[in-house]
Number of protein chains: 2
Amino acid sequence: MNDGDRGSGRAARPKRADARRNEETLLDAAASIFVRSGVEAPIRDIAAEAGVGTATIYRHFPTRADLIIAVYRHQVEACAEAGPALLASSATPYAALGRWINLFVDFLATKHGLAAVLQSDNTGFETLHAYFLDRLVPVCARLLDAAAGSGEIRSDLEAYELMRGIGNLCIGAEHDPRYDARRLVALVIAGLRLP
Amino acid sequence: MNDGDRGSGRAARPKRADARRNEETLLDAAASIFVRSGVEAPIRDIAAEAGVGTATIYRHFPTRADLIIAVYRHQVEACAEAGPALLASSATPYAALGRWINLFVDFLATKHGLAAVLQSDNTGFETLHAYFLDRLVPVCARLLDAAAGSGEIRSDLEAYELMRGIGNLCIGAEHDPRYDARRLVALVIAGLRLP
DNA sequence: GAGTAAGCGGAACGTTGTCCCGTTTGACGA
DNA sequence: TCGTCAAACGGGACAACGTTCCGCTTACTC
């Protein structure tokens with residue numbers, strides 16, 4: 001946001017053109033490498049794909065988390081915005097919740113290794129945790145509250161816990177035909193239901 | 001098994017005493033380090049704890065998976081053997097299933113990082129996957145079959161898929177007071193129940 | 001007690017993340 | 001148009017780690 005200049009006081013000179021260009025190139029390269037080799041691909045590979053030095057990546061994205069966030073920001077935003085929309089357009093809050101969780105699973109399951117990174121307690125991914133949580137937990141909480149309010153589900157589960165559980169279930173779902181994360185997630189959602 | 005000599009033809013000379021001693025020492029050291037730093041602790045740390053060179057570890061346990069298996073074998077066996085016992089002693093197969101899953105979660109949740117490693121699609125952990133799966137999936141399948149047979153749960157979920165899901169849910173459960181794997185697992189088990 | 005191969009320790013090598021530093025280059029004022 | 005300078009750059013340097021190799025040590029056998 002605030003493309004090009006900062007909002008604070010004396011305009012600190014805007015980014016140089018080559019820097020802006022490099023950032024674009026890097027995002028494209030990272031997206032491409034993430035698809036090919038997962039979000040834990042070596043920094044050097046991404047740098048090579050972009051045709052820049054490794055330091056350039058660190059300059060634009062101090063941590064891997066920052067890069068991942070930048071690459072997937074659009075999709076996360078879309079997912080967050082889908083929450084209220086689904087709530088408005090679905091027959092019941094429970095139905096909305098189910099659909100929204102599916103959206104979330106779609107997102108995670110197609111991102112090679114993202115789910116795993118999202119759960120890792122590795123220091124250095126706090127930014128990533130914080131971003132996902134800040135953005136999506138409130139959305140999930142609203143859906144959960146609505147469904148609890150309408151008496152469809154139990155009300156003793158925190159959105160945070162549910163989202164972490166869903167995230168966990170999506171780990172390693174890409175490469176194992178015998179494991180379908182969606183089926184397990186559906187089980188959790190079913191278990192949420194009140195008799 | 002077959003402590004000391006091999007069963008095949010000409011007795012290939014038994015292991016040297018110092019080698020056997022080192023293996024013991026290594027298992028103790030690894031167990032201790034696993035508790036302190038998780039199952040992905042640097043090989044060097046384990047070697048240092050045991051007071052041996054790194055090559056000694058590789059000689060006894062060619063891959064990290066082999067070491068992990070050796071360290072936890074007893075507990076896995078106990079878990080496997082608990083399956084039939086619970087089935088015999090519980091009121092219903094469904095109750096037995098629930099208790100057995102709890103045992104499994106207890107095991108995983110206390111082993112710093114084991115759950116994560118168990119799911120990783122990293123080459124080199126096939127042995128670990130194979131061991132856990134070979135040993136525990138059949139046990140789980142029997143419990144699942146029994147509960148399905150008694151009409152308590154749906155019958156369209158493979159034991160393999162359930163176990164992977166449970167394993168996934170246990171990832172990162174140690175260090176986050178806001179995330180209780182057991183609660184999510186209970187939700188899955190509840191979702192399994194037939195109306 | 002001597003011979004021998006199993007076993008050992010630690011140095012060496014490859015890979016990866018991260019940081020540093022000398023060089024290049026875009027932006028701006030003259 | 002051109003000179004100046006800080007932003008930005010590239011790639012080499014360093015550290016941590018997994019893994020392998022090799023010369024030395026030592027437990028067993030006779």
Side-chain angles (χ1 to χ4, degrees), chain A residues 3-6 10-27 29-30 33-34 36-68 113 116-117 120 122-128, chain B residues 3-6 10-27 29-30 33-34 36-68 113 116-117 120 122-128:
Chain A
D3 223 342
D5 73 343
R6 330 273 207 294
R10 214 75 228 80
R13 195 182 293 181
K15 264 215 265 227
R16 262 167 55 167
D18 57 343
R20 239 175 305 132
R21 224 177 312 126
N22 264 330
E23 194 162 321
E24 277 299 306
T25 314
L26 272 174
L27 283 176
I33 293 283
F34 284 174
R36 196 182 320 149
S37 320
V39 294
E40 306 229 70
I43 293 286
R44 284 188 235 277
D45 289 1
I46 302 172
E49 172 86 11
V52 305
T54 53
T56 301
I57 296 194
Y58 283 99
R59 208 167 295 114
H60 286 281
F61 308 99
T63 73
R64 183 181 294 271
D66 296 317
L67 181 55
I68 297 175
V117 154
S120 120
N122 188 323
T123 358
F125 284 121
E126 294 96 354
T127 327
L128 192 61
Chain B
D3 223 345
D5 74 342
R6 329 274 208 292
R10 217 72 227 81
R13 193 183 298 181
K15 263 215 264 216
R16 262 168 54 168
D18 56 345
R20 239 175 305 132
R21 226 178 310 125
N22 264 329
E23 195 162 319
E24 278 300 307
T25 313
L26 271 174
L27 283 177
I33 293 283
F34 284 175
R36 197 182 320 150
S37 320
V39 294
E40 306 230 70
I43 293 287
R44 283 186 237 273
D45 289 2
I46 302 172
E49 172 86 11
V52 304
T54 53
T56 301
I57 297 195
Y58 283 98
R59 209 167 295 115
H60 287 280
F61 308 99
T63 73
R64 183 181 294 271
D66 295 316
L67 181 55
I68 297 176
V117 153
S120 120
N122 189 323
T123 358
F125 285 121
E126 296 94 354
T127 328
L128 192 60

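Chain identifiers are assigned alphabetically (A, B, ...) following the order of the sequence lines, protein sequences preceding nucleic acid strands; residue numbering begins at 1 within each chain. Heavy atoms only: backbone and side chains are in, while hydrogens, waters and symmetry mates are out.
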Colleague: Over all heavy atoms of both residues, which pair between A:Lys15 and A:Arg20 is shortest? Give the atoms and the distance, please.
Modeller: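 Closest approach of A:Lys15 to A:Arg20: O-NH2, 3.2 Å.
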
Colleague: Work out which heavy atom in B:Val117 is nearest to a heavy atom in B:Phe125; give both atom names and the distance.
Modeller: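 For B:Val117 and B:Phe125, the tightest heavy-atom pair comes out as CG1-CE2, 3.8 Å.
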
Colleague: Quick check: closest heavy atoms across A:Ile33 and A:Ala41, and the distance to 0.1 Å?
Modeller: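 It is CG2-CB, 3.4 Å.
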
Colleague: Nearest heavy-atom pair of B:Ala19 and B:His60: which atoms, and what distance?
Modeller: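 Of all heavy-atom pairs spanning B:Ala19 and B:His60, the closest is O-CE1, 3.2 Å.
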
Colleague: Please determine if a side-chain N or O atom of A:Thr56 lies less than 4.0 Å away from the OP1 or OP2 oxygen of D:dA8.
Modeller: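 So the side chain of A:Thr56 is outside the cut-off, no N or O lying under 4.0 Å from OP1 or OP2 of D:dA8.
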
Colleague: Starting at CD of A:Glu40 and ending at C1' of C:dT18, how long is that distance when rounded to a whole Å?
Modeller: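 In whole Å, C:dT18 C1' lies 16 Å from A:Glu40 CD.
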
Colleague: NA contact type, A:Arg64, heavy-atom cut-off 4.0 Å: base, sugar-phosphate, or nothing?
Modeller: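 The answer is sugar-phosphate, as A:Arg64 gets under 4.0 Å only of primed atoms, P, OP1 or OP2.
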
Colleague: Whole Å only: how far is the CZ atom of A:Phe61 from the P atom of C:dC19?
Modeller: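 From A:Phe61 CZ to C:dC19 P: 17 Å.
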
Colleague: Closest approach to the side chain of A:Pro42, judged atom by atom: which nucleotide of C:dT16, D:dG10, D:dT20 is it?
Modeller: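 Nucleotide nearest to A:Pro42's side chain: C:dT16.
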
Colleague: Once you round it to whole Å, what is the distance between P of C:dG9 and CD1 of B:Ile46?
Modeller: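 Spelled out: CD1 on B:Ile46 to P on C:dG9 is 15 Å.
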
Colleague: Checking only heavy atoms, does the side chain of B:Arg21 share a donor-acceptor pair with the base of C:dG7 at less than 3.5 Å?
Modeller: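 Answer no: no donor N or O sits under 3.5 Å from an acceptor.
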
Colleague: For A:Ile57 and C:dT18, give me the distance from atom CD1 to atom C1', rounded to whole Å.
Modeller: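 To the nearest whole Å, that distance equals 12 Å.
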
Colleague: Where the side chain of A:Tyr58 is concerned, which of C:dA11, C:dC8, C:dG17 is the nearest nucleotide?
Modeller: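 Between C:dA11, C:dC8, C:dG17, the one nearest the side chain of A:Tyr58 would be C:dG17.
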
Colleague: So for A:Arg44 and C:dG17, does any side-chain atom that can act as donor or acceptor lie under 3.5 Å from a complementary atom in the base?
Modeller: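 Side chain to base: pair found, below 3.5 Å.
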
Colleague: Using a cut-off of strictly less than 4.0 Å, decide whether B:His60 has a side-chain nitrogen or oxygen near OP1 or OP2 of C:dC8.
Modeller: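 Checking C:dC8 against B:His60, a side-chain N or O does come within under 4.0 Å of OP1 or OP2.
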
Colleague: How far apart are the closest heavy atoms of B:Thr127 and B:Ala65, and which atoms are they?
Modeller: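 The pair with the smallest heavy-atom distance is CB-CB, 4.2 Å.
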
Colleague: Taking the side chain from A:Glu126 and the backbone from A:Gly124, do they hold a donor-acceptor pair closer than 3.5 Å?
Modeller: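 Answer holds: yes.
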
Colleague: Taking atom P of C:dT15 as reference, at what distance in whole Å does atom CD1 of A:Ile43 sit?
Modeller: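 Value for this atom pair: 17 Å.
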
Colleague: Of all heavy-atom pairs between A:Ile57 and A:Leu26, which one has the smallest distance, and what is that distance?
Modeller: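 Answer, listing the atom of A:Ile57 first, then A:Leu26: CG1-CD2, 3.5 Å.
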
Colleague: Using a 3.5 Å distance criterion without hydrogens, assess whether the side chain of A:Arg64 forms a donor-acceptor pair with backbone atoms of A:Val39.
Modeller: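 Yes: the side chain of A:Arg64 pairs with the backbone of A:Val39.
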
Colleague: Could you state the CG-P distance from A:Leu67 to C:dG17, rounded to the nearest angstrom?
Modeller: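 Going from A:Leu67 (CG) to C:dG17 (P), I get 12 Å.
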
Colleague: Are there any protein N/O atoms within less than 3.5 Å of an N/O atom in nucleotides 28-30 of chain D, and if so, which ones and at what distance?
Modeller:
{"unit_1": "D:dC28", "atom_1": "OP1", "unit_2": "B:Ala17", "atom_2": "N", "d": "3.1"}

Colleague: Atom CG of B:Asn22 and atom P of C:dG10: how far apart are they, to the nearest Å?
Modeller: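 These atoms are roughly 12 Å apart.
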
Colleague: When you get a sec, tell me which of D:dG11, C:dA11, C:dG9 is the closest nucleotide to the side chain of B:Thr54?
Modeller: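 Looking only at heavy atoms from C-beta outward on B:Thr54, the closest nucleotide is C:dA11.
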
Colleague: Among the nucleotides D:dA8, D:dG18, C:dG7, which one has an atom lying closest to any side-chain atom of B:Ala19?
Modeller: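 The nucleotide sitting nearest to the side chain is C:dG7.
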
Colleague: Is any side-chain nitrogen or oxygen of A:Arg59 closer than 4.0 Å to OP1 or OP2 of D:dA7?
Modeller: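 A:Arg59 to D:dA7 OP1/OP2: no side-chain N or O under 4.0 Å.
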
Colleague: Across the strands shown, which category fits A:Gly51 at heavy-atom distances under 4.0 angstrom: base, sugar-phosphate, nothing?
Modeller: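 Contact class for A:Gly51: sugar-phosphate only.
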
Colleague: Atom CG of A:Asp66 to atom P of C:dG17: distance rounded to whole Å?
Modeller: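 Between P of C:dG17 and CG of A:Asp66: 15 Å.
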
